[in-house]
Amino acid sequence: MMETRKLGSQGLTVTALGLGCMGMSEFYTGRDDAESVATIHRALDLGCTFLDTADVYGPHINEELVGRAIKGRRQEVTLATKFGNVRGPDGSWAGVNGRPEYVKAACDASLKRLGVEYVDLYQQHRVDRAVPIEETVGAMAQLVKAGKVRYLGLSEASAETIRRAHQAHPISSVQTEYSLWTRDPEDEVLPMCRKLGVGFIAYSPLGRGFLTGRFTTFDDLPADDYRRFHPRFQGANFQKNLDLVHRIEEIATEKKCTPSQLALAWLLGKGKEIVPIPGTKKRKYLEENLGAVRIQLTAADVARIEEVAPPGVAAGPRYPEQAMRSING
């Protein structure tokens with residue numbers, strides 16, 4: 001059995017590593033539903049039972065995929081999904097919605113797609129700046145009372161928003177990008193989470209795959225892969241970030257592990273309230289990632305890693321300009 005960690009103080013316990021399911025359905029090339037379902041089953045068999053999805057992935061089809069995968073195994077799973085990012089029927093982006101009436105409708109739709117009666121963790125994917133966070137969280141709290149949701153979370157929220165939300169109803173977790181090339185949460189968000197006793201879910205802990213060492217040139221990215229439009233994968237940024245990966249690879253080789261395992265082991269060691277959710281749609285990478293729980297890093301190892309990857313080391317912002325406007329709400 002994998003180590004478990006507490007997210008918040010309301011009773012939510014999850015496996016130390018979770019599985020991010022987004023890339024199984026969209027953004028990253030090579031969709032293969034059969035292999036994705038097999039990957040989820042393999043995760044459960046290996047004791048990784050914390051699954052993270054969202055209604056916006058697909059849109060909608062990722063929740064349906066996860067629902068098919070966990071059918072008959074619901075009691076083994078700690079299931080998390082998200083709402084708030086809105087897309088049209090054609091997949092176009094339609095903004096962020098945190099209005100109370102939308103929260104209820106979005107939850108009901110997610111439950112239907114997932115084929116479940118409740119979700120363990122319901123998260124606001126992006127903060128709606130036009131709606132007071134207290135109103136959105138108040139509507140989420142009603143879902144808890146109705147038994148449709150067990151615990152509440154936020155994603156990409158500012159420290160002040162987290163504080164206000166937690167006053168409206170206990171927040172169990174905050175989900176934000178956190179990795180060796182994105183250490184921004186260490187400035188304000190992580191300290192606020194620790195102050196309030198809120199857990200932290202680290203998404204994209206492998207830098208959207210860049211930190212795995214699997215990309216050596218821009219042309220390694222297929223034409224239909226979202227990462228071709230990501231600032232850190234473009235132009236001179238690509239080579240600068242690749243230089244960082246090479247240095248991480250050197251340390252990983254000395255530790256007799258892969259760069260992925262080193263990056264995840266580093267995150268696991270940053271605090272017991274932190275739960276990374278590396279995403280993959282292939283069993284072989286899942287098994288590699290889960291091997292990170294066996295990597296032991298000394299204080300000297302951590303110091304060396306952080307010397308190679310200090311805050312702000314990555315070249316380029318972590319999202320395109322328009323998407324950057326929706327974070328830290």
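Close placement of the F233 and F210 rings is indicated, their centers lying within 6.0 Å of each other. Here the two rings, on H125 and Y57, have centers that are under 6.0 Å apart.
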Any chance you could lay out the salt bridge (charged side-chain N to carboxylate O under 4.0 Å, His left out) test for R163 and E160, step after step, and finish with the verdict?
CA-CA 5 Å; R163 186 192 65 78; E160 176 59 18; 2.4 Å; yes

Before giving the answer on side-chain contact (heavy atoms from CB on, under 4.5 Å), spell out for R318 and M324 the whole-Å C-alpha distance, their side-chain angles and the decisive distance to 0.1 Å.
CA-CA 8 Å; R318 60 190 183 94; M324 285 294 291; 4.0 Å; yes

Step by step, would you call D52 with L19 a side-chain contact (heavy atoms from CB on, under 4.5 Å)?
CA-CA 6 Å; D52 182 84; L19 175 60; over 6 Å; no

side-chain contact (heavy atoms from CB on, under 4.5 Å) between V119 and L114, intermediate numbers included:
CA-CA 9 Å; V119 292; L114 289 161; 3.8 Å; yes

Could you walk me through whether E26 and R87 pass salt bridge (charged side-chain N to carboxylate O under 4.0 Å, His left out), step by step?
CA-CA 13 Å; E26 194 179 19; R87 295 172 70 180; 2.7 Å; yes

Should R214 and Y285 be marked as a side-chain contact (heavy atoms from CB on, under 4.5 Å) after you check the CA-CA gap, both sets of side-chain angles, and the distance that decides it?
CA-CA 11 Å; R214 297 183 191 122; Y285 295 139; 2.9 Å; yes

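In this structure, the side chain of R227 engages the main chain of R208 through a donor-acceptor pair within 3.5 Å. Judged by distance alone, with hydrogens and angles left aside, the side-chain atoms of D225 form no donor-acceptor pair with the main-chain N or O of Y28 at under 3.5 Å. Between the side chain of R228 and the backbone N or O of L221 there is at least one donor-acceptor pair closer than 3.5 Å. No donor-acceptor pair under 3.5 Å is formed between the side chain of R247 and the backbone N or O of I305. Judged by distance alone, with hydrogens and angles left aside, the side-chain atoms of K281 form no donor-acceptor pair with the main-chain N or O of D32 at under 3.5 Å. A distance-only check finds a donor-acceptor pair linking the side chain of S155 to the backbone of Q175 [under 3.5 Å]. The backbone N or O of A106 sits less than 3.5 Å from a side-chain atom of S110, completing a donor-acceptor pair. Looking only at distances, no side-chain donor or acceptor of Q124 sits under 3.5 Å from a matching main-chain atom of F83. Without hydrogens or angle criteria, K255 side chain to Q296 main chain gives a donor-acceptor distance under 3.5 Å. Under a 3.5 Å cut-off, the side chain of R5 and the backbone N or O of L268 do form a donor-acceptor pair.
Between the side chains of T258 and E288, a donor-acceptor pair is found at a separation under 3.5 Å. In the model, T161 has a side-chain atom that pairs as donor or acceptor with a side-chain atom of S158 under 3.5 Å. A donor-acceptor pair shorter than 3.5 Å cannot be found between the side chains of E156 and Y319. T49 and E76 share no donor-acceptor pair across their side chains, judged by distance under 3.5 Å alone. Residues S25 and N62 have side chains that bring a donor and an acceptor to within less than 3.5 angstrom of each other. Defined by atom type and a distance below 3.5 Å, a donor-acceptor pair is missing between the side-chain atoms of D219 and T217. Side chains of D220 and T216: a donor on one and an acceptor on the other come within 3.5 Å. Side-chain contact check for E177 and T182: at least one donor-acceptor pair (N or O, by modelled atom type) lies under 3.5 Å. The closest side-chain donor-acceptor pair between W93 and Q322, if any, does not fall under 3.5 angstrom. Using modelled atom types and a 3.5 Å distance limit, the side chains of E188 and N328 yield no donor-acceptor pair. T78 and D120 share no side-chain donor-acceptor pair at under 3.5 Å.
Using a cutoff of 4.0 Å between basic side-chain nitrogens and carboxylate oxygens, K284 and E287 are not scored as salt-bridged. Taking the charged nitrogens against the carboxylate oxygens, E35 and K282 have no contact shorter than 4.0 Å, which rules out a salt bridge. Of the charged side-chain nitrogens involved, none lies within less than 4.0 Å of a carboxylate oxygen, so that K6 and E273 do not count as a salt-bridged pair. A salt bridge between D33 and R68 is present, with a side-chain N of the basic residue lying under 4.0 Å from a carboxylate O of the acidic one.
Atom CD of E117 sits in a sparse spot, with 12 or fewer heavy atoms from other residues, nucleotides or ligands closer than 6.0 Å. Crowding of K270 atom NZ: a count of heavy atoms from other residues, nucleotides or ligands under 6.0 Å exceeding 12.
Closest approach of L264 and A292 over heavy atoms only: CB-CB, 3.5 Å. Of all non-hydrogen atoms in P185 and P191, the two that sit nearest each other are O-CD, 3.6 Å. Residues L65 and S36 approach most closely at CD2-CB, 3.8 Å, considering heavy atoms. When all heavy atoms of S326 and R126 are compared, the pair lying nearest together is O-CD, 3.3 Å. Nearest approach of G88 to P59, heavy atoms of both residues: O-CG, 4.3 Å. Contact between A139 and V103 at its shortest, heavy atoms only, is CB-CB, 4.0 Å.
Following chains of ILVMFWY side-chain contacts shorter than 4.5 Å, one cannot reach V56 starting from V131, and the two form parts of different hydrophobic clusters. I277 and Y178 fall into different hydrophobic clusters, defined by Ile, Leu, Val, Met, Phe, Trp and Tyr side-chain heavy atoms under 4.5 Å apart, directly or through other members. In the hydrophobic clustering of ILVMFWY residues, with side-chain heavy atoms under 4.5 Å counting as a link, L121 and L44 come out apart. L297 and I248 fall within the same hydrophobic cluster, defined by Ile, Leu, Val, Met, Phe, Trp and Tyr side-chain heavy atoms under 4.5 Å apart, directly or through other members. The cluster map of Ile, Leu, Val, Met, Phe, Trp and Tyr, joined by side-chain heavy atoms under 4.5 Å apart, puts V66 and F27 in different clusters.
Residue L154 holds its CG atom at 10.5 Å from NE2 of H166, rounded to the nearest 0.5 Å. Note that SG of C48 and CG of L290 are 5.0 Å apart. Values are rounded to the nearest 0.5 Å. Rounding to the nearest 0.5 Å places NZ of K256 at 11.0 Å from CD1 of I295. Atom-to-atom distance recorded for T298:OG1 and R304:CZ is 10.0 Å, nearest 0.5 angstrom. Within the model, atoms CD of E135 and CZ of R99 stand 11.0 Å from one another, a figure rounded to the nearest 0.5 Å. Atom CG of residue L190 and atom NZ of residue K195 lie 14.5 Å apart, to the nearest 0.5 angstrom.
By the 6.0 Å and 45° rule, R194 does not stack over the aromatic ring of F200.
Using a 4.5 Å heavy-atom threshold, the side chains of L242 and F215 count as separate. Here the side chains of L152 and P170 are not in contact, with every heavy-atom distance at 4.5 Å or above. When side chains are defined from C-beta on, L196 does not count as touching I171, because their heavy atoms never get closer than 4.5 Å. Taking 4.5 Å as the limit, every side-chain heavy atom of V96 sits out of range of all side-chain heavy atoms of V127. Side-chain contact between L211 and S260 is absent, with no heavy-atom pair separated by less than 4.5 Å.
Evaluated for a side-chain contact (heavy atoms from CB on, under 4.5 Å) with T81, the options Q123, R113, E63 yield exactly one hit, E63.
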